[in-house]
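Quick note on labels: first sequence line is chain A, next is B, and so on, each numbered from 1.
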Number of protein chains: 2
Amino acid sequence: MPDVIVNKQQFYNPVDYVLKKIGGTWKIPVLWRLQKKARRYSELQKDIPHISQKMLTQTLKELEADGFISKQTFPEVPPRTEYSLTPKGQQAMEVIVVIRNYGLQLLQADGIDYEAMIKAEAEQKKKQS
Amino acid sequence: MPDVIVNKQQFYNPVDYVLKKIGGTWKIPVLWRLQKKARRYSELQKDIPHISQKMLTQTLKELEADGFISKQTFPEVPPRTEYSLTPKGQQAMEVIVVIRNYGLQLLQADGIDYEAMIKAEAEQKKKQS
DNA sequence: GCCGCTGCGCACCAAAAAGTGCGTAGCACC
DNA sequence: GGTGCTACGCACTTTTTGGTGCGCAGCGGC
């Protein structure tokens, strides 16, 4: 497995290449929420627990630079920005879904029913509203 | 996406869970080489460019603790240890292959023919021998 | 004229991941 | 009895990644 150098960044193998592009703590949560529809900055911030403004800004910037998402700014008042998946981003999502499914499997093997947890969380929200 | 806590480690989502298990710089290169046959410590070290003894030891330990590989020590002189994929490790490899294929695609889209690079490297080795 | 909302930028700090260097046990061989 | 091989362990440092806190521009409404 030879090394590859692109734009002064070094990669040890193709998997490394992918994980440097869409890995890290926040890129996948962001891509995940853009899957079905475009979202604005403030929506993403509300939807993604624990994310800081800095990390959201940085994540969106990198994903845009790598062509996974695109940004549209509306010259309104107050300003509005919408982010959406590009075709390249949609392709990446296919791989992410595979990893996620494997993750659900692993979690179950470790005794955690993640999908049940999501349902329970949704119930909580209903009660609140 | 609620948080999950397993053994005092926190995970934000299933993908995060997978990447904490088989992510990082070295786990995948190691798993990759155990794919077809068992290998010993020193073989892995020779085969994986840039890896330090510390990281190899640490990686093998974590993969074993998580059940992806198993270790067999032969009480010979000098001592010999062989590492091999468990069924769980083989399952993980399926996902890794998907990521890798996507990586090859991405690399090609970025103008890099990785498989040609591997072939060229193999040619080099032939010449040397 | 002051507050608030939106989508950022920047400086600084903490934690996690990886790299470096050195040591060790047991035996075999010369 | 010195050297070398194997499969590690440990302490320390560097690099990378993520977190905190602050500020700002432009406009609208009171």
Item to check | Pi-cation contact, A/Tyr83 with A/Lys71 (under 6.0 Å, within 45°) | outcome: no
Checklist entry - Taking OP1 and OP2 of C/dC5, is either one under 4.0 Å from a side-chain nitrogen or oxygen of A/Tyr41? => result no
Next on the checklist: Rounded to whole Å, please give me the gap between CG in B/Leu60 and C1' in C/dA18.
Outcome noted: 16 Å
Item to check | Atom-to-atom span, CZ of B/Phe74 to C1' of C/dC27 - whole angstrom | outcome: 19 Å
Checklist outcome for this item: Note: B/Ala92 and A/Tyr102 closest approach over all heavy atoms is CB-OH, 3.3 Å
Checklist entry - Between D/dA7 atom P and B/Ile48 atom CD1, what is the distance in whole Å? => result 14 Å
Item to check | B/Thr86 side chain vs B/Gly67 backbone, donor-acceptor pair below 3.5 Å | outcome: yes
Checklist entry - Can you check the A/Arg80 CZ to C/dC8 C1' distance for me, whole Å? => result 17 Å
Checklist entry - Tell me: CD of A/Glu62 to P of D/dT17, nearest whole Å? => result 9 Å
Next on the checklist: With a 4.0 Å limit, can you tell me whether A/Thr73 has a side-chain N or O closer than that to the phosphate oxygens OP1/OP2 of C/dG7?
Outcome noted: no
Next on the checklist: As a test of reading the structure: which of C/dG19, C/dC8, D/dC8 is closest to the side chain of B/Lys71, going by heavy atoms?
Outcome noted: D/dC8
Item to check | N/O (side chain, A/Thr57) to phosphate O (OP1/OP2, C/dG7) under 4.0 Å | outcome: no
Item to check | Parallel, tilted or perpendicular: ring planes of A/Phe11 versus A/Tyr17, cut at 30 and 60 degrees | outcome: perpendicular
Item to check | Sugar-phosphate only, base, or nothing, as touched by A/Ser52 at under 4.0 Å among non-hydrogen atoms | outcome: base
Next on the checklist: Reading DNA chain D from 5' onward, which residue's closest nucleotide shows up sooner: B/Lys54 or A/Lys20?
Outcome noted: B/Lys54
Next on the checklist: Just N and O in the side chain of B/Arg40: are any of them under 4.0 Å from OP1 or OP2 of D/dA7?
Outcome noted: yes
Checklist entry - What is the nucleic acid contact for A/Gln58, judged by heavy atoms within less than 4.0 Å: base, sugar-phosphate only, or nothing? => result nothing
Item to check | Among D/dG18, D/dC22, D/dC8, the nucleotide that comes nearest once only the side chain of A/Trp26 is considered | outcome: D/dG18
Next on the checklist: In whole Å, I'd like the distance from the NZ atom of B/Lys27 to the P atom of C/dA18.
Outcome noted: 9 Å
Checklist entry - Whole-Å distance between D/dG19 C1' and A/Ile51 CD1? => result 12 Å
Item to check | Nearest to side-chain heavy atoms of B/Thr25, which nucleotide of D/dG9, C/dC8, C/dA18 | outcome: C/dA18
Checklist entry - Quick check: are there more than 12 heavy atoms from other residues, nucleotides or ligands sitting under 6.0 Å from CD of B/Gln90? => result yes
Checklist entry - Has A/Thr81 got a side-chain N or O lying under 4.0 Å from the OP1 or OP2 atom of C/dC8? => result yes
Item to check | B/Leu56 CG - D/dA7 P separation (whole Å) | outcome: 10 Å
Next on the checklist: Does a side-chain N or O of A/Lys61 approach OP1 or OP2 of C/dG7 to a distance below 4.0 Å, or not?
Outcome noted: no
